[in-house]
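My questions will all concern the structure given below.
Chain letters run A, B, ... following the sequence lines, proteins first and then strands; every chain starts at 1.
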Amino acid sequence: MDLSFDLAKALDRTLTDAARRAGLTEAGFAPEVRPADPVHGDFQANGVLAYAKRQRQNPRALAEALVSQLDELAPLFGLAIAGPGFINFRLKPAALLAWLAAHSNREALAAGAAAAEQGHTVVVDYSSPNTAKQMHVGHLRSAVIGEAICRLLAFSGAKVVRDNHVGDWGTQFGKLIWAYKRQLDSAALARDPLEEFERLYKAGNSAAEADPTVLKEAQQELVKLQARDPENLGIWSRINEVSLFAFQEIYDQLGIRFDVTLGESFYNDKLEPVYRGLADSGLAEESQGALVVFHPEHPRFKTQPFIIRKSDGAANYATTDLATILYRTGPLHATDVLYVVDKRQSDHFEQLFLTARKWFEKMGGPLPRLRHLDFGTVLGENGKPLKTRSGENIRLKDLLAEAVERSYQLVSGKNPGLPEAERRAIARTVGVGSVQYADLSQNRSSDYVFSWHKMISLEGNTAAYLLYAVARIHSIFRKLDLRPGEAPGETGATAFETPAELALARKLVRFPDALAAATGTLRPHFLCTYLYELAGDFSTFYNADKVAVDEPAVRARRLLLCNRTLLLLETGLQLLGLRILTKM
RNA sequence: GGGGCGGUAGCUCAAUGGAUAGAGCAUCGGUCUUCGAAACCGAGGGUUGCGGGUUCGACCCCCGCCCGCCCCGCCA
């Protein structure tokens, strides 16, 4: 066996072959290789236990037989059979060094990782705010998690299409256009367009509520827009243009750039085939004046309809979502579509996917793998959805600004000697990164409690702690007048000896497992946990073993550890969508 | 009423059916004349909501119950 990027996978193959030679052939044998508790080793194989159970054989004897066929591993691993029949593998110090030497830069990591998702074209539908409104805290998770997932998939070899499916076509435009024509404040529009659009919408809304004549006029504006009246279409398109420009300011802070922005309006002329296709195939039926799809085999959806055309004849999001699947399957050639959307919409997606599957079966076309990547709600300290004190949604713009300001206070307190401009720049990286990391480090399915104190802290699993480790490694290289990334001072490194060196080296070698866990389950928090543990092992090493010692061989191997830790921390943080720094 | 998700240390959260359930915060106690102490080391803290079941092995799978949040026809 060679020391490839993914050692667990390589071990799995080796054990599968060895099992055949050892006679473990009945009913298939799966080695079940996984990372182990460091107390026991680096990897463990549990497959013998289940196999022995099925074959009614002694698991320890089977493990002995298997291990006797693993001589080729002896140069790399210490092997041990433990407990009822676990096989433990502990990398030898020289093998640790060899793996680290072979993966010394971003390209080597990427080359190793790229096998996992090769051949997939993944459309990721994320962020997707409504135009003419501010992005608020409710839009945070989709944007942050979606971007991290895009980066993870791309690094693992997938072709990723980032699609911002904006809500740019809704009934809100009637009232908005009504108010736009009568009450537009140009100065306010120039200053903060989304603020002005929101004001106009509220003005239109309350005017319509107070006066039925206004309501009728607003409805007329909407009808005119839908009939492609040039003036209303112009206003509408200006609103969208300005909105997207404002959104991009947020996206720039979060490091997001979409490949396509195909909002609901893009599908306006692509809805007929949906109605026709579903009606002709017999999936859709009339119910209470609407066109709906029931799923008789489903306990809930046999009575809970999927409405694809409202009783007033208008489309809704179900219609555009179906049209969107057609477009992503066709022109975008998707093999996979991921919807990074609030978990409260899970019913909708379940119905959507069920309907799409049946529809595509009738059409005879292959359906991409559709998955709803749900996420929980951001809660305040009171356990309720996060709001301002007055009960308003917190604007993303304000939230990020506050994070940056709080980080600036922290940085200025800790490192007042730095020039202000530098402290400001550091605060942007730390502040925005703290918000992103707090979101990503938690299992995405759960709700989480938003806490400035926890988020912007040097203690615990935070962005600042990780960035501090990065900054400190850079500082070592600066001190020694070396430049990281050029593998400086590594030649002549001898195998690791001290407990802290060994612990750090063994953690470094686990990077592929963390990456595979995060990408395979589309849960970035697995990578966060790994990076946090890595930074912790580095800090322990840093406190225990001095890097800048006189003995050249010891110094070389410690520099190698620093360099590789830096590489993996920086790579990992960037895969999560964070920016990095060299001082803080 | 039907359904989804959750309940793990005082608090916030981890944990592919695998070995003695782990971190951080908080509490208590240590470590700076030496590469950034924004850090590190250590201690205490648990009937994994309750009761059954499956399994060599269950926080994890199955059944029942309790509690919390969310969804259930024309918003997305």
Inset, instruction - In whole angstrom, give the distance that lies between atom OH of Tyr448(A) and atom P of C5(B). - result: 22 Å
Legend entry - Cationic N near anionic O, under 4.0 Å, Asp447(A) to Lys343(A): yes
Inset, instruction - Would you please confirm or rule out a distance under 4.0 Å between OP1 or OP2 of C72(B) and any side-chain N or O of Arg344(A)? - result: no
Inset, instruction - Identify whether any heavy atom of Asp342(A) sits under 4.0 Å from a base atom; if not, whether one sits that close to sugar-phosphate; answer base, sugar-phosphate or nothing. - result: nothing
Legend entry - Pairwise P distance for A14(B) and A58(B), with rounding to whole Å: 23 Å
Legend entry - Chi-angle category of G53(B) [syn within 90° of 0, anti beyond]: anti
Inset, instruction - Answer yes or no: does a side-chain N or O of Lys343(A) lie under 4.0 Å from OP1 or OP2 of G6(B)? - result: no
Inset, instruction - Would you tell me if any nitrogen or oxygen in the side chain of Arg34(A) comes within less than 4.0 Å of OP1 or OP2 on G18(B)? - result: yes
Inset, instruction - Tell me what Val547(A) touches on the nucleic acid: a base, only sugar-phosphate, or nothing, going by heavy atoms under 4.0 Å. - result: base
Legend entry - Thr324(A) side chain to Asp321(A) side chain, donor-acceptor N/O pair below 3.5 angstrom: no
Inset, instruction - Using the P atom on both, measure G24(B) against A43(B) and round to a whole Å. - result: 12 Å
Legend entry - Whole-Å distance separating the OH atom of Tyr530(A) from the P atom of C13(B): 26 Å
Legend entry - Which residue lies more 5' along RNA chain B, comparing Asp545(A) with Pro385(A) via nearest heavy atoms: Asp545(A)
Legend entry - A14(B) base stacked by His525(A) (centroids within less than 5.5 Å, tilt under 30°): no
Legend entry - Side-chain donor-acceptor contact under 3.5 Å, Glu381(A) with His453(A): no
Inset, instruction - Enter syn or anti for the glycosidic conformation of C32(B), syn applying to angles within 90° of 0. - result: syn
Inset, instruction - For the side chain of Ser311(A), starting at C-beta, report the closest nucleotide among C74(B), G2(B), A37(B). - result: C74(B)
Inset, instruction - Select base, sugar-phosphate, or nothing to describe what Glu32(A) touches, counting heavy atoms under 4.0 Å on all strands. - result: nothing
Legend entry - Nearest to side-chain heavy atoms of Lys454(A), which nucleotide of G3(B), G18(B), U12(B): U12(B)
Inset, instruction - Remember a base hit wins even if backbone is also touched, and classify Phe526(A) as base, sugar-phosphate or nothing at under 4.0 Å, heavy atoms. - result: sugar-phosphate
Inset, instruction - State plainly whether the residues Asp42(A) and Arg510(A) are in salt-bridge range, i.e. N to O under 4.0 Å. - result: no
Inset, instruction - Select base, sugar-phosphate, or nothing to describe what Ala318(A) touches, counting heavy atoms under 4.0 Å on all strands. - result: nothing
Legend entry - Shortest side-chain distance from Gln442(A), nucleotide among A14(B), C35(B), G73(B): A14(B)
Legend entry - Whole-Å P distance, C25(B) and C69(B): 31 Å
Inset, instruction - Please state whether the phosphate of A14(B), meaning OP1 or OP2, lies under 4.0 angstrom from any side-chain nitrogen or oxygen of Ser446(A). - result: yes
Legend entry - Nearest-angstrom distance, C1' atom, U48(B) to U31(B): 35 Å
Inset, instruction - Scan Pro35(A) against the nucleic acid and name what it touches under 4.0 Å (heavy atoms): base, sugar-phosphate only, or nothing. - result: base
Legend entry - Residue whose closest nucleotide on RNA chain B lies nearer the 5' end, Asp374(A) versus Tyr532(A): Asp374(A)
Legend entry - Base of A23(B) paired with side chain of Glu533(A) (donor-acceptor, under 3.5 Å): no
Inset, instruction - Answer yes if the side chains of His295(A) and Thr355(A) hold a donor-acceptor pair under 3.5 Å, and no otherwise. - result: yes
Inset, instruction - When you get a sec, tell me which of C74(B), G18(B), A39(B) is the closest nucleotide to the side chain of Tyr468(A)? - result: A39(B)
Inset, instruction - Report which part of the nucleic acid Asp321(A) touches: base, sugar-phosphate, or nothing (heavy-atom distance under 4.0 Å, all strands). - result: nothing
Legend entry - Ion pair Asp342(A)/Arg141(A), N-O distance below 4.0 Å: no
Legend entry - Tyr542(A) ring over C35(B) six-membered base ring, under 5.5 Å and 30°: yes
Legend entry - Nearest-neighbour nucleotide for the Gln345(A) side chain, A76(B), G18(B), C35(B) considered: A76(B)
Legend entry - Ring centers of Phe301(A), Phe294(A) separated by less than 6.0 Å: no
Inset, instruction - Ignoring hydrogens and angles, tell me if any N or O in the side chain of Ser457(A) forms a donor-acceptor pair with the backbone of Glu459(A) under 3.5 Å. - result: yes
Legend entry - Rounded distance in Å between the C1' positions of G57(B) and G18(B): 7 Å
Legend entry - Closest listed nucleotide, where the reference is the side chain of Asn543(A) and the choices are G73(B), A76(B), C40(B): C40(B)
Inset, instruction - Determine: side-chain N/O of Thr462(A) to OP1/OP2 of G24(B), distance under 4.0 Å, yes or no. - result: no
Legend entry - Note: Lys302(A)-Glu297(A) ion pair, threshold 4.0 Å (strictly below): no
Inset, instruction - Report yes if at least one side-chain N or O of Gln304(A) is closer than 4.0 Å to OP1 or OP2 of C72(B); otherwise report no. - result: no
Inset, instruction - Look at Glu405(A) together with Arg424(A) and state whether they make a salt bridge at an N to O cut-off of under 4.0 Å. - result: yes
Inset, instruction - Can you tell me, in whole Å, how much space there is between the C1' of C40(B) and that of A23(B)? - result: 16 Å
Inset, instruction - Could you measure between the two P atoms, the one in C72(B) and the one in A76(B), and give it in whole Å? - result: 13 Å
Inset, instruction - Searching all strands shown, indicate the nucleotide that pairs with U27(B) (Watson-Crick or G-U wobble; both distances under 3.5 Å). - result: A43(B)
Legend entry - Side chain of Lys479(A) - closest among C74(B), C69(B), C35(B): C35(B)
Inset, instruction - Using a heavy-atom cut-off of under 4.0 Å over every strand shown, decide if Ser539(A) touches base, sugar-phosphate, or nothing. - result: sugar-phosphate
Inset, instruction - Write down the distance between CZ (Phe294(A)) and P (C74(B)), rounded to a whole number of angstrom. - result: 13 Å
Legend entry - d(CZ, Phe306(A); P, C72(B)) in whole Å: 14 Å
Inset, instruction - Report which part of the nucleic acid Leu410(A) touches: base, sugar-phosphate, or nothing (heavy-atom distance under 4.0 Å, all strands). - result: nothing
Inset, instruction - Between A19(B), A26(B), A14(B), spot the one nearest the side chain of Glu459(A), thanks. - result: A26(B)
Legend entry - Gap between atoms NE2 and P, on His295(A) and G3(B) respectively (whole Å): 18 Å
Inset, instruction - Check the distance between A76(B)'s P and Asp347(A)'s CG and give it to me in whole angstrom. - result: 16 Å
Inset, instruction - Specify the separation, in whole Å, of atom CZ of Phe173(A) and atom P of C75(B). - result: 16 Å
Inset, instruction - Could you check how far CD of Glu350(A) sits from P of C72(B), rounded to whole Å? - result: 14 Å
Legend entry - C1' spacing across the pair G2(B) / G73(B), given as an integer number of angstrom: 16 Å
Inset, instruction - Could you check whether Lys384(A) gets within reach of a base, just the sugar-phosphate, or nothing at all, counting any heavy atom under 4.0 Å? - result: nothing
Inset, instruction - Have a look at Asn46(A) and say if it touches a base, only the backbone sugar-phosphate, or nothing, with a 4.0 Å heavy-atom cut-off. - result: base
